[in-house]
Structures are given as structure tokens and as C-alpha cells.
Amino acid sequence: MIVAVDGPSGAGKSTVCREAAKRLSWNLLDTGAIYRCVALLSLESGVQDEAGCGAIAADLPIRFEASARGQRVFLGARDVTEKIRSFEVTQRVNDVATMGLVRAELLGIQRRLGRVGDVIVEGRDIGSVVFPDAGLKVFYTATPEARARRRQREFLAKGETIDFEEVVAQIRLRDETEYRREHSPLIQCPDAVVLDTSALDFEGSCQALMSLIEERRHCLEVKP
């Protein structure tokens with residue numbers, strides 16, 4: 001079974017999906033991490049244009065590995081799990097994600113990695129483009145302010161200080177870009193279940209997702 005979880009930046013998808021997959025003993029595919037790897041390599045190499053970033057995506061040596069510390073992201077032999085969550089990469093990834101060539105190159109990687117056992121796949125266009133036949137589609141959302149508070153806490157936990165109002169402005173700008181971009185825009189699929197996490201804590205968000213998964217699994221199992 002494939003569970004496609006979409007939604008804007010900061011809605012809580014990544015952390016909740018990671019925990020739900022752990023509790024269910026399912027696989028997890030964080031497609032945002034794949035785009036962040038392209039963004040990281042583009043920053044390190046100084047490549048900014050679409051053709052260059054597309055070439056990086058076409059030859060992306062990414063792999064995911066389970067560990068006692070949770071899922072780790074590797075580029076070749078290098079563990080980049082923390083590096084791809086830096087403020088610099090976060091600022092760059094939106095530009096990379098709007099490039100049609102990059103999205104086209106990464107589509108095959110996402111589909112290959114997501115076709116292994118029961119899996120939760122999270123991103124922006126999972127239900128609409130990557131896995132339109134997913135057994136369950138969920139659309140996470142939250143107010144820009146709620147998302148900014150979460151993002152600010154994430155950076156503070158890593159010792160990075162960022163301005164709250166600046167984060168809100170960045171989130172609004174990124175929303176506009178993602179909803180309006182030419183290639184694979186962020187959309188709420190008509191058959192997706194909407195989860196507004198603005199007033200939910202981590203545990204509430206996690207339980208909500210797990211309940212939806214269990215309910216859908218039961219429906220699929222008893223379906224004649």
C-alpha cells in the first residue's frame with residue numbers, strides 16, 4: 001500500500017510521516033530530502049542554471065538508510081541528513097524544485113524508491129503526479145503562522161536563530177510559488193483527505209495520520 005502525503009512547507013509532514021512509518025514498521029520516502037540533496041550539491045558546486053541542476057538530478061547518488069537515530073540520507077558515502085536541513089539549503093530548494101528538468105529527472109527515482117512494500121511517501125506532488133494511484137492520499141495543511149513557529153523551533157534546536165516574521169514571509173512566498181509553478185504545482189487532490197494541523201501537537205497529528213491509514217487498510221482488506 002502506498003500512502004501519499006502532500007502539503008505545503010512546514011505543515012508537519014516530514015516529522016509526522018517519519019514517526020508514523022516507524023510505529024507501523026513501514027517504509028518512508030521523504031521526497032523533499034531528494035530535492036534538498038540536489039539543492040545542496042548545486043550550492044556546493046556553484047551550479048545555478050536548470051541544465052546544470054538537471055544534470056545533478058540525473059546522476060544523484062542518493063540512498064536512504066535506517067539507523068538507531070532514524071532514517072539517514074546519504075549522497076554516496078556521505079551522510080547529509082543534517083546538512084540538507086540547513087537554512088541555506090532550505091532557501092535554495094524552492095528554486096531547484098521549480099525546475100521542470102529537475103522534476104522530470106527525479107520522478108523515476110521517486111517511483112523506484114516508493115515501490116518497495118508498504119510505504120508512506122511525502123512531498124508536494126505525490127498524489128497528483130508521482131503516485132496518482134496511491135491507496136490513500138492525505139493533504140496536510142496549517143496556517144503560515146503555525147508553520148513558522150514549527151520551523152523556528154526546528155532551527156533553534158540546531159542552534160540557529162531566525163526571525164519569526166521573516167519565516168512567515170518566506171512561507172507565504174514559497175506557498176505562492178508552489179501553488180503557481182508551471183511544473184507539478186502543489187494541489188489538493190479531489191480524493192485526498194485534508195488534515196489541518198494548525199491546532200494539533202505532534203502526537204495528535206501522528207495519531208490522525210495513523211488512524212486514516214488503518215481505516216483505509218481495513219477497507220482495502222475487506223473489499224470484495
Any side-chain heavy-atom pair from [X] and [Y] closer than 4.5 angstrom?
X	Y	value
L60	L75	yes
L195	S205	no
F139	L186	yes
I120	L29	no
V138	L212	yes
K83	E88	no
R23	Q207	yes
S86	F155	no

message = For a side chain to side chain contact (heavy atoms under 4.5 Å, CB included) check, start with the C-alpha distance between Q110 and Y35, then their side-chain angles and the critical distance, and finish with the verdict.
response = CA-CA 10 Å; Q110 294 174 78; Y35 283 94; 3.7 Å; yes
Does one hydrophobic cluster hold both [X] and [Y], with members joined at side-chain heavy-atom distances below 4.5 Å?
X	Y	value
F64	L41	yes
L113	M1	no
F202	V5	yes
I187	F131	no
M99	I84	yes

Give the minimum heavy-atom separation between [X] and [Y], together with the two atoms involved.
X	Y	result
V89	A39	CG1-CB, 4.1 Å
V119	V116	CB-O, 4.3 Å
R85	T81	CG-O, 3.6 Å
D125	S184	OD2-CB, 3.2 Å
D6	G127	OD2-N, 2.8 Å
V80	C37	CG2-SG, 4.0 Å

ask   = For D30 and R124, what are the C-alpha separation, side-chain angles and deciding distance, and is it a salt bridge (charged side-chain N to carboxylate O under 4.0 Å, His left out)?
value = CA-CA 10 Å; D30 177 2; R124 303 291 191 276; over 6 Å; no
Taking 4.0 angstrom as the limit, do [X] and [Y] come out as a salt bridge?
X	Y	value
R78	E44	yes
R103	E182	no
K13	E19	no
R72	E82	yes
E178	R174	yes

message = Would D95 and R92 count as a salt bridge (charged side-chain N to carboxylate O under 4.0 Å, His left out) here? Give the steps.
response = CA-CA 6 Å; D95 293 333; R92 173 62 178 155; 3.7 Å; yes
Out of curiosity, [X] [atom1] to [Y] [atom2], how far, rounded to the nearest 0.5 Å?
X	Y	atom1	atom2	answer
E154	S14	CD	OG	8.0 Å
N27	Q71	CG	CD	8.5 Å
L107	I34	CG	CD1	10.5 Å
R63	I109	CZ	CD1	14.5 Å
L136	E214	CG	CD	11.0 Å
S9	R147	OG	CZ	6.5 Å

Tell me if a side-chain donor or acceptor on [X] pairs with a main-chain N or O of [Y] at a distance below 3.5 Å.
X	Y	answer
E105	L101	no
K137	V3	no
D118	W26	no
D79	F74	no
D201	G204	yes
S42	Q48	no
Y140	E122	no
S198	A146	no
R111	V130	yes
T98	R181	no

inquiry  = Would you say NZ of K22 has more than 12 non-hydrogen atoms from neighbouring residues, nucleotides or ligands within 6.0 angstrom?
reply    =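 Not buried by this count: 12 neighbours or fewer within 6.0 Å.
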ask   = In chain order, what residues pass the side-chain contact (heavy atoms from CB on, under 4.5 Å) check against Q152, with sequence neighbours excluded?
value =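 Testing Q152 for side-chain contact (heavy atoms from CB on, under 4.5 Å), a comparison that skips the adjacent residues, returns L156, I162, F164.
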request  = Applying side chain to side chain contact (heavy atoms under 4.5 Å, CB included), run through R115 and I2 and close with a yes or a no.
outcome  = CA-CA 8 Å; R115 293 287 187 188; I2 295 175; 3.5 Å; yes
inquiry  = Could you walk me through whether V121 and L28 satisfy the side chain to side chain contact (heavy atoms under 4.5 Å, CB included) test, starting with their C-alpha distance in whole Å, then the side-chain angles of each, then the deciding distance to 0.1 Å, before giving a yes or no?
reply    = CA-CA 6 Å; V121 188; L28 171 69; over 6 Å; no
inquiry  = Set out, in order, the CA-CA distance, both residues' side-chain angles and the distance that settles side chain to side chain donor-acceptor pair (under 3.5 Å) for R150 and T15, then state yes or no.
reply    = CA-CA 11 Å; R150 292 169 185 164; T15 52; over 6 Å; no
